[in-house]
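Letters A, B, ... mirror the listed sequences (proteins, then strands); counts begin at 1. Heavy atoms only: backbone and side chains are in, while hydrogens, waters and symmetry mates are out.
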2 protein chains.
Amino acid sequence: MNLPPLVQTFVLHFGEMGSRWGINRTVGQIYALLYLSKEPLNAEDIVERIGVSRSNVSMGLKELQAWNLVRLQHKPGDRRDYFSTPDDIWQIVRTLVEERKKREIDPTMSLLREVLMQEPASAEERHAQDRMREMHDLFELLTGWYADVQRLDTERLVQLLTLGSKVQKILEMKDRLFVVPGSRKGRPDDAKDK
Amino acid sequence: MNLPPLVQTFVLHFGEMGSRWGINRTVGQIYALLYLSKEPLNAEDIVERIGVSRSNVSMGLKELQAWNLVRLQHKPGDRRDYFSTPDDIWQIVRTLVEERKKREIDPTMSLLREVLMQEPASAEERHAQDRMREMHDLFELLTGWYADVQRLDTERLVQLLTLGSKVQKILEMKDRLFVVPGSRKGRPDDAKDK
DNA sequence: CCGAAATTTCAGAATTTTCTGAAATATTGG
DNA sequence: CCAATATTTCAGAAAATTCTGAAATTTCGG
């Protein structure tokens, strides 16, 4: 591995971290390297710096492309492929969340929908179905929220995140301003915390 | 595997999904089974239903305990350990997020802090450090927001999530109500979207 | 359309992870 | 404190994943 120490530390860390997510060490390292690099890199550059085989880099880049996490570009008079990550880190976050949703939440949601259609054949199955319905509703709430937030432009998103705990204050204010005085507080269908 | 079809579908799915997260198939299956089960289960119950070895179940339960994802309890007159998941699915979400933060974000943050202290020895290192600083600041923003939201009680959290896109409206309203007219909109240091 | 350069594919080797059965250890009712 | 029961540990087997080098394929300048 042929990298400035500071870069190497980060690249190694991301390699290890990769295993905690579904990606392998090499993919994590390639991504980290591209993320830190000022200039786009070609496959051979990556081979030299990370020190893995050319074919491994090829597969890693393919996977990163499948995740939409790298951008492919060309330099004039050079027919090699050059790769880079978006300059805007928020774009990276958006892509990451979107792709993870696509791979993890969406398939689970369709499985849940499917299973919830079936007729339970026993008390045990009925309870299991109830549990699955809770999960389904939770995911629906989260993905609905996500879809909305995803649409916000970055400036507003940052504003929202910075707001942090003050959100509660704003909700309270909203309640005071808009809720009909004397109306009940909870909604009937999710008042089931044990 | 000895389970009602409906339960089996879900358990198998979670087993596969497990690999996308850092956990293995058996751990995913055990968790799914416990999640769906009305009654707490002991290790032998799990062996019978999932069809893996007793020792594998023991290790899986140990891992789930390390993640704080299962609760250990006892039945009177029975000295076996019984396991269950919280009834409240929001509690599960909170634990999951908390633990993933602890394992993935926190170590990355301390690495970033450490590396950001060092003196860059070249233009390349300087740029890498800038990139790392962006990531550091992003994580700080996200974890700050998370810490605040984590503190909300579930009812308010659901309210906030349900609000969804209307959040933007409320932010705009807040701007109109509270921002000094004529003040600039953007913040100077993150106006760098490419 | 040829040939050099670049990239991808893929079978098998290397490595890592998962899983098992047997043995060790721990727990507790009597 | 013993014996029965429950749980954990762990070395090695099994399985899965990752990685490589060689060969195949693609690309494109001339």
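A heavy atom closer than 4.0 Å to some atom of DNA chain D occurs in A/N24, A/R25, A/T26, these being the qualifying members of residues 21-39 of chain A. Listed by residue number, B/R54, B/S55 are the residues of residues 46-57 of chain B with a heavy-atom contact under 4.0 Å to DNA chain D.
Computed from coordinates, the B/L61 CG to D/dT8 C1' distance equals 12 Å when rounded to whole Å. Rounded to whole Å, atom P of D/dC19 lies 11 Å from atom CE of A/M1. When the C1' atom of D/dT18 is taken as reference, atom NZ of A/K62 falls 14 Å away, rounded to whole Å. Atom pair B/D81:CG and D/dT7:C1' shows a separation of 8 Å (rounding to whole Å applied). In this entry the distance linking CG of B/D78 with C1' of D/dA4 reads 14 Å, nearest Å. Taking atom CD on B/E63 and atom C1' on D/dT8, their separation rounds to 15 Å, with Å as the unit.
The side-chain tip of A/K75 points at the ring of A/Y82 from less than 6.0 angstrom away and within 45° of straight on. Both the sub-6.0 Å distance and the 45° axial angle are not jointly satisfied by A/R100 relative to the ring of A/W67.
For the pair B/E98 and B/K101, the salt-bridge criterion is not met [side-chain N within less than 4.0 Å of a carboxylate O]. Ionic pairing of A/E134 and A/R131 is present here: one or more N-O contacts between side-chain nitrogen and carboxylate oxygen are shorter than 4.0 angstrom. A salt bridge links A/R133 with A/D130: at least one charged nitrogen is closer than 4.0 Å to a carboxylate oxygen.
The residue B/R79 sits close to a base: some heavy atom pair falls under 4.0 Å. Across all strands, B/N42 comes closer than 4.0 Å to no nucleic acid atom at all (heavy-atom distances).
Using modelled atom types, one side-chain atom of B/T143 and one backbone atom of B/F139 make a donor-acceptor pair closer than 3.5 Å. Side-chain atoms of B/T9 come within 3.5 Å of backbone N or O of B/P5 as a donor-acceptor pair. Judged by distance alone, with hydrogens and angles left aside, the side-chain atoms of A/E125 form a donor-acceptor pair with the main-chain N or O of A/A121 at under 3.5 Å.
B/R80 is linked by a salt bridge (Lys or Arg N to Asp or Glu O under 4.0 Å) to B/D78, counting only residues two or more places apart in sequence or in another chain.
For the helix from C/dC1-D/dG30 to C/dG30-D/dC1, the rotation axes defined at the first and last 5 base pairs enclose an angle of 30°, given to the nearest 10°.
When B/M135, B/Q129, B/E124, B/M132 are each tested for a side-chain contact (heavy atoms from CB on, under 4.5 Å) with A/L36, only one passes: B/M132.
Here the range on DNA chain C touched by chain A, meaning any atom under 4.0 Å from one of its heavy atoms, is C/dA4 to C/dC10.
With hydrophobic clusters built from ILVMFWY side chains whose heavy atoms lie under 4.5 angstrom apart, A/L138 does not share a cluster with B/M17.
Residues in residues 17-31 of chain B take part in these side chain to side chain donor-acceptor pair (under 3.5 Å) pairs, two or more places apart or across chains: A/E104-B/W21, B/T26-B/N56.
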Should A/Q91 and A/R94 be marked as a side-chain hydrogen bond (donor to acceptor under 3.5 Å, both in side chains) after you check the CA-CA gap, both sets of side-chain angles, and the distance that decides it? CA-CA 5 Å; A/Q91 187 47 56; A/R94 287 169 195 264; 4.9 Å; no
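The two residues A/H13 and B/T108 have their closest heavy-atom pair at NE2-OG1, 2.8 Å.
Residues A/M59 and A/S19 both approach DNA chain C. Their nearest nucleotides, taken by heavy-atom distance, put A/M59 toward the 5′ side.
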